[in-house]
There are 2 protein chains.
Amino acid sequence: MDVPADAAPFIPQVFTISDLSAEFDVTTRTLRFYEAKGLLEPKRRGQTRLYSRRDRARLKLVLQGKRVGFSLSDIKEMLDLYDLKDGQTTQLNVSLNRFRERISDLQRQKIDIEEAIADLTRTCEIIQGMLKE
Amino acid sequence: MDVPADAAPFIPQVFTISDLSAEFDVTTRTLRFYEAKGLLEPKRRGQTRLYSRRDRARLKLVLQGKRVGFSLSDIKEMLDLYDLKDGQTTQLNVSLNRFRERISDLQRQKIDIEEAIADLTRTCEIIQGMLKE
DNA sequence: TTTTACCTTGACGTTAACGTCAAGGTAAAC
DNA sequence: GTTTACCTTGACGTTAACGTCAAGGTAAAA
């Protein structure tokens, strides 16, 4: 009841570079690289980086984005969009379109791969035919 | 009947760099690059490159190989294999295995893409849900 | 107190498949 | 003869996403 509203939380939840490195299985170099690219913005304690929960959440999003094939600059743009706290709907629509474009790309790639598989399969059959002689 | 067996053919079928460039829609830079990589070996008339039908056939194979996702060095290895005119069967088996490995890779990739599509689709649905509010 | 471990910045290296000049040679057409 | 077109080699540039030193700072443990 008497706890001041601005009392510092007792679970600050900050992370070192090696914490995140270990948790997400990326190198420290990668984390510094993401910072240089503006994807993360850890504070410093002296020289040492201190990552907040927000940084951690962002990192998670970066890695998710990479998994589905977005480039780092794509991801940065989207993260930056979400930082503009206004016009939520607009932001969501922008990202929605991004995602849909990416889905189209992926479907195109899938077709290409299927064609390549068909090509190679046919070629294999021809070679097998030759080997039967 | 009296034509000597070693008579030069009257249809030499040689090609200039721009012939091939136009026919296969690749730049001349690309053709020189492939030569530097040992994929093509055109003769020279003075300075100028003269591509034989064999070069043309090789180029065709290179482009086919690229289409199904082989690297240039993969392709070079396979082309070189076919140049060793002995042990045909062995060569064919080697390539057959290569092709099958590539097919496996592609199938793996296809699965990855399908997963990414599923991920993105799910995310889109979530966003759409948020937008309905 | 020295070792050990972890942290920092900075700068250059890597890979693939060419692109892009630069600087010049040749050759046919006008 | 000069313009136009095409050819040559050589060398450096590009892109992405980090990797790999180098050289040094700090701090806790032995």
Side-chain angles (χ1 to χ4, degrees), chain A residues 14-52 55-56 58-79 98 102 105-106 109 112 116, chain B residues 14-52 55-56 58-79 98 102 105-106 109 112 116:
Chain A
V14 293
F15 311 89
T16 71
I17 196 167
S18 45
D19 287 343
L20 292 187
S21 167
E23 179 175 359
F24 293 102
D25 193 33
V26 296
T27 66
T28 60
R29 177 70 183 92
T30 297
L31 293 174
R32 297 193 193 99
F33 180 73
Y34 288 172
E35 181 179 350
K37 290 283 169 178
L39 294 163
L40 303 175
E41 296 172 305
K43 300 284 186 290
R44 304 300 167 102
R45 177 181 52 196
Q47 286 275 72
T48 303
R49 288 167 173 80
L50 283 188
Y51 295 85
S52 65
D55 288 315
R56 184 169 168 283
R58 282 193 145 228
L59 176 56
K60 221 173 201 169
L61 289 172
V62 171
L63 298 178
Q64 277 180 28
K66 285 201 58 180
R67 274 215 317 274
V68 297
F70 285 108
S71 73
L72 293 183
S73 63
D74 288 341
I75 294 167
K76 176 170 165 48
E77 272 189 76
M78 294 193 289
L79 286 177
R98 282 278 168 81
R102 188 88 253 278
D105 283 359
L106 289 170
Q109 283 183 41
D112 288 347
Chain B
V14 293
F15 311 88
T16 72
I17 196 167
S18 45
D19 288 342
L20 291 187
S21 167
E23 179 175 358
F24 293 100
D25 194 32
V26 295
T27 67
T28 59
R29 177 70 183 92
T30 297
L31 293 174
R32 296 193 193 99
F33 181 72
Y34 287 172
E35 181 180 347
K37 290 283 169 177
L39 294 164
L40 303 176
E41 296 173 306
K43 298 287 185 291
R44 304 301 167 102
R45 179 182 51 195
Q47 287 275 73
T48 303
R49 288 168 173 81
L50 282 189
Y51 295 85
S52 65
D55 288 315
R56 184 169 168 280
R58 282 192 146 228
L59 176 56
K60 220 172 201 169
L61 290 172
V62 170
L63 298 178
Q64 278 180 27
K66 285 200 60 179
R67 273 214 317 274
V68 296
F70 284 108
S71 73
L72 293 184
S73 62
D74 287 341
I75 294 167
K76 177 169 165 48
E77 273 188 76
M78 293 193 288
L79 286 177
R98 285 275 168 82
R102 188 88 253 278
D105 283 359
L106 289 170
Q109 283 183 41
D112 289 347

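Below, read A as the first sequence line, B as the second, and so on, with proteins coming before strands; counting in each chain starts at 1.
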- Indicate, yes or no, whether a donor-acceptor pair under 3.5 Å links the base of D:dT20 to the side chain of A:Arg29. yes
Using a heavy-atom cut-off of 4.0 Å across all strands, would you classify [X] as base, sugar-phosphate, or nothing?
X	answer
B:Ser73	nothing
B:Ser71	sugar-phosphate
A:Arg44	sugar-phosphate

Any strand, both distances under 3.5 Å, Watson-Crick or G-U wobble: C:dG25 pairs with D:dC6
Notebook entry, point to check: Which residues pass the salt bridge (Lys or Arg N to Asp or Glu O under 4.0 Å) test with B:Arg102, sequence neighbours left out?
Noted result: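 Expected list: none.
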Assign each of B:Thr48 and A:Tyr34 the nucleotide of DNA chain D bearing its closest heavy atom; nearer the 5' end lies the nucleotide of B:Thr48
B:Arg49 has its side chain closest, among D:dT9, C:dA17, D:dC18, to D:dT9
A:Phe33 has its side chain closest, among D:dC18, C:dA17, C:dC7, to D:dC18
To the nearest angstrom, the NZ-C1' distance between A:Lys66 and D:dA16 comes to 9 Å
note: B:Leu31, atom CG; C:dC18, atom P; distance rounded to Å ~ 10 Å
Considering only distance and modelled atom types, tabulate donor-acceptor pairs under 3.5 Å from the side chains of residues 34-42 of chain B, sequence neighbours left out.
from    : atom 1 : to      : atom 2 : distance (Å)
B:Glu35 : OE1    : B:Arg49 : NE     : 2.5
B:Glu35 : OE2    : B:Arg44 : NH2    : 2.5

Per the under-4.0 Å heavy-atom filter, residues of residues 20-27 of chain A near DNA chain D come out as A:Thr27
query = Side chains of B:Thr27 and B:Thr30: donor-acceptor distance under 3.5 Å anywhere?
reply =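 A pair is found: one side chain offers a donor N or O, the other an acceptor, under 3.5 Å apart.
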